[in-house]
Amino acid sequence: MTVITSTAYSRDLGEELRRLRETCTELGGRAMAIRLGWDPSKMSTIEHGKARATEIDLVQFLTACGKDADFFEEFRRRYAKAFDEYIVQVPDNTRTMALAEATAKTITSYDPRSVPGLSQTPEYADALYRLGGFIAEERIPTIVQFRIERQAILRRHDRPTCLFYVHELALRQQVGNDQIMEDQCAKLLFGAPEIRIVPAHVVVPSSGCVLWEYEKAYPVAFGETDLAKVFVQDPGAIARTRLLFDHLDEVALDAEQSRSKLAEYVSPPREEFDGRGPRLA
């Protein structure tokens, strides 16, 4: 067993092993370690994704859980990349992202095209997925529900500290009807995470990303497209991500200015009945 830095994916697969032990055996971690002839600390580090288990370790563990050779091969294939600094997953795989997000101490994100998922209303999320056209319509309600359930981390007593940079162009894009957009902007205005608006005229050459930071693990940079989810722990990439957020801190409106800007979208100017000009609704 080689002790190395954990990753978002190694912690996810370690959690999967723990769930297998709990659902397929009646053994606690210490009892399982004794059965396998392991030191209890070895069991803990593997299940927390802090150390790479050998193939023999995995065979012993999964056999004790009653799993067959096909299950072992499928898990071994995934586990082989668990500690890589770059992890690429298919878009439908949401478990690693959800775990990485839920265990973060701080979350910083930038999105140039849409409202961050942790701040979306159900109606906005539904309309956004329907605009894409690449998700089967019958799957959209389930995906939207998962996105909204993720927001529960913002209501915890130990919730992460969040800072979301949103480009103003994302607020100008019509997702759903006017009421959906106004309600979405109201959620940004009155929600818990701090929102910083990047003015419409500012060009930021980035497709957007998220930085998760932890108390006892290395930071993880995350990005996603319609084709893949990417988790990165390469120190150089993390440094570049921090430079991006440093730049956004310089060009974005401050917190108070951002609230004022959001208020404009919640109560947009409308023409007076007598034609005398715009007013706030």
Side-chain angles (χ1 to χ4, degrees), residues 101 106-133 140 143-144 147-155 159-211 222-226 241-281:
E101 184 177 72
T106 66
I107 301 175
T108 310
S109 74
Y110 168 61
D111 200 319
R113 299 164 298 179
S114 62
V115 171
L118 287 177
S119 290
Q120 291 179 6
T121 66
E123 295 77 15
Y124 179 94
D126 183 271
L128 187 64
Y129 282 122
R130 293 182 189 280
L131 283 173
I140 291 178
I143 296 173
V144 170
R147 172 155 291 191
I148 301 307
E149 287 175 349
R150 284 169 46 206
Q151 298 177 10
I153 68 171
L154 301 180
R155 298 189 293 273
R159 60 181 175 270
T161 300
C162 298
L163 172 58
F164 299 156
Y165 291 96
V166 182
H167 205 287
E168 188 177 1
L169 295 180
L171 304 180
R172 293 184 176 183
Q173 291 191 110
Q174 185 76 18
V175 177
N177 58 35
D178 290 343
Q179 189 61 56
I180 287 174
M181 289 303 300
E182 187 168 342
D183 290 345
Q184 178 59 77
C185 290
K187 180 166 183 174
L188 293 178
L189 178 59
F190 301 111
E194 181 179 347
I195 303 294
R196 298 276 304 278
I197 302 298
V198 179
H201 69 275
V202 175
V203 177
V204 180
S206 169
S207 59
C209 63
V210 181
L211 181 65
F222 172 76
E224 62 180 326
T225 69
D226 299 340
T241 302
R242 294 191 191 282
L243 288 175
L244 168 65
F245 289 124
D246 287 344
H247 176 65
L248 289 169
D249 181 57
E250 294 177 357
V251 301
L253 303 178
D254 64 27
E256 185 59 36
Q257 292 170 331
S258 295
R259 286 192 290 272
S260 297
K261 177 61 67 174
L262 286 168
E264 295 177 12
Y265 286 90
V266 173
S267 302
R270 298 175 184 173
E271 292 296 322
E272 293 281 8
F273 291 117
D274 60 7
R276 285 180 293 181
R279 65 178 175 86
L280 287 180

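Quick note: numbers below take in every heavy atom, side chains included, and nothing from hydrogens, waters or symmetry partners.
Put simply, the side chain of Ile153 reaches to within 4.5 Å of the side chain of Pro160, judged on heavy atoms. Tyr165 is not listed as a side-chain neighbour of Ile197, based on a closest heavy-atom distance of 4.5 Å or more. Counting heavy atoms from C-beta on, the side chains of Thr161 and Ile107 never come closer than 4.5 Å. With a 4.5 Å cut-off on side-chain heavy atoms, Ile140 and Asp126 count as touching. Counting heavy atoms from C-beta on, the side chains of Cys185 and Leu171 come closer than 4.5 Å.
The CG atom of Leu243 sits 11.0 Å away from the CG atom of Leu248 when rounded to the nearest 0.5 Å. From Arg259, atom CZ reaches atom CD of Gln257 across 10.5 Å, with rounding to the nearest 0.5 Å. Distance CZ/Phe164 to CD1/Ile195: 6.0 Å, rounded to 0.5 Å. A distance of 12.5 Å separates OG in Ser114 from CG in Leu169, rounded to the nearest 0.5 Å. The distance from atom CG of Leu163 to atom OG1 of Thr106, rounded to the nearest 0.5 Å, is 9.5 Å. Here Glu182 contributes atom CD and Asn177 contributes atom CG; the two are 10.5 Å apart, rounded to the nearest 0.5 Å.
In this structure, Tyr124 contributes its side chain and Val115 its backbone to a donor-acceptor pair below 3.5 Å. In this structure a side-chain-to-backbone donor-acceptor pair under 3.5 Å is present from Gln174 to Gly176. Judged purely by atom type and a 3.5 angstrom limit, His167 uses its side chain to pair as donor or acceptor with the backbone of Val202.
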Practice prompt. Would you check, one step at a time, whether the test side chain to side chain donor-acceptor pair (under 3.5 Å) holds for Tyr265 with Gln184?
Written response: CA-CA 9 Å; Tyr265 286 90; Gln184 178 59 77; over 6 Å; no
Item to complete: Please report the C-alpha distance between Arg113 and Gln173 in whole Å, then the side-chain angles of each, then the deciding distance to 0.1 Å, and finally whether the side chain to side chain donor-acceptor pair (under 3.5 Å) criterion is met.
Response: CA-CA 8 Å; Arg113 299 164 298 179; Gln173 291 191 110; over 6 Å; no
Discussion item. Before you tell me yes or no, could you show the steps for Glu123 and Val144 under side-chain contact (heavy atoms from CB on, under 4.5 Å), namely the whole-Å CA-CA distance, both residues' side-chain angles and the distance that decides it to 0.1 Å?
Written reply: CA-CA 9 Å; Glu123 295 77 15; Val144 170; over 6 Å; no
Worksheet entry | Test log, rule side-chain contact (heavy atoms from CB on, under 4.5 Å), inputs Glu168 and Arg172 | CA-CA 7 Å; Glu168 188 177 1; Arg172 293 184 176 183; 3.5 Å; yes
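Within 6.0 Å of CZ on Arg159 lie no more than 12 heavy atoms contributed by other residues, nucleotides or ligands.
Considering every non-hydrogen atom in both Leu128 and Arg147, the closest pair reads CD2-NH1, 4.5 Å. Taking all atoms of both residues into account, the shortest heavy-atom contact from Val166 to Pro116 is CG2-CD, 3.6 Å. Taking every heavy atom of both residues into account, Cys209 and Thr241 meet most closely at SG-CG2, 3.9 Å. Of all the heavy atoms in Val204 and Val198, the pair that sits closest is CG2-CG1, 4.1 Å. Smallest separation of non-hydrogen atoms from Pro193 and Leu154: CG-CD1, 3.6 Å. Shown here for Leu253 and Ser258, the closest heavy-atom pair between the two residues is O-OG, 3.3 Å.
For residues 194-208, the pairs satisfying side-chain hydrogen bond (donor to acceptor under 3.5 Å, both in side chains) are Arg196-Asp249, with sequence neighbours left out.
The pair Lys187-Asp183 does not meet the salt-bridge criterion, since no charged nitrogen lies less than 4.0 angstrom from a carboxylate oxygen.
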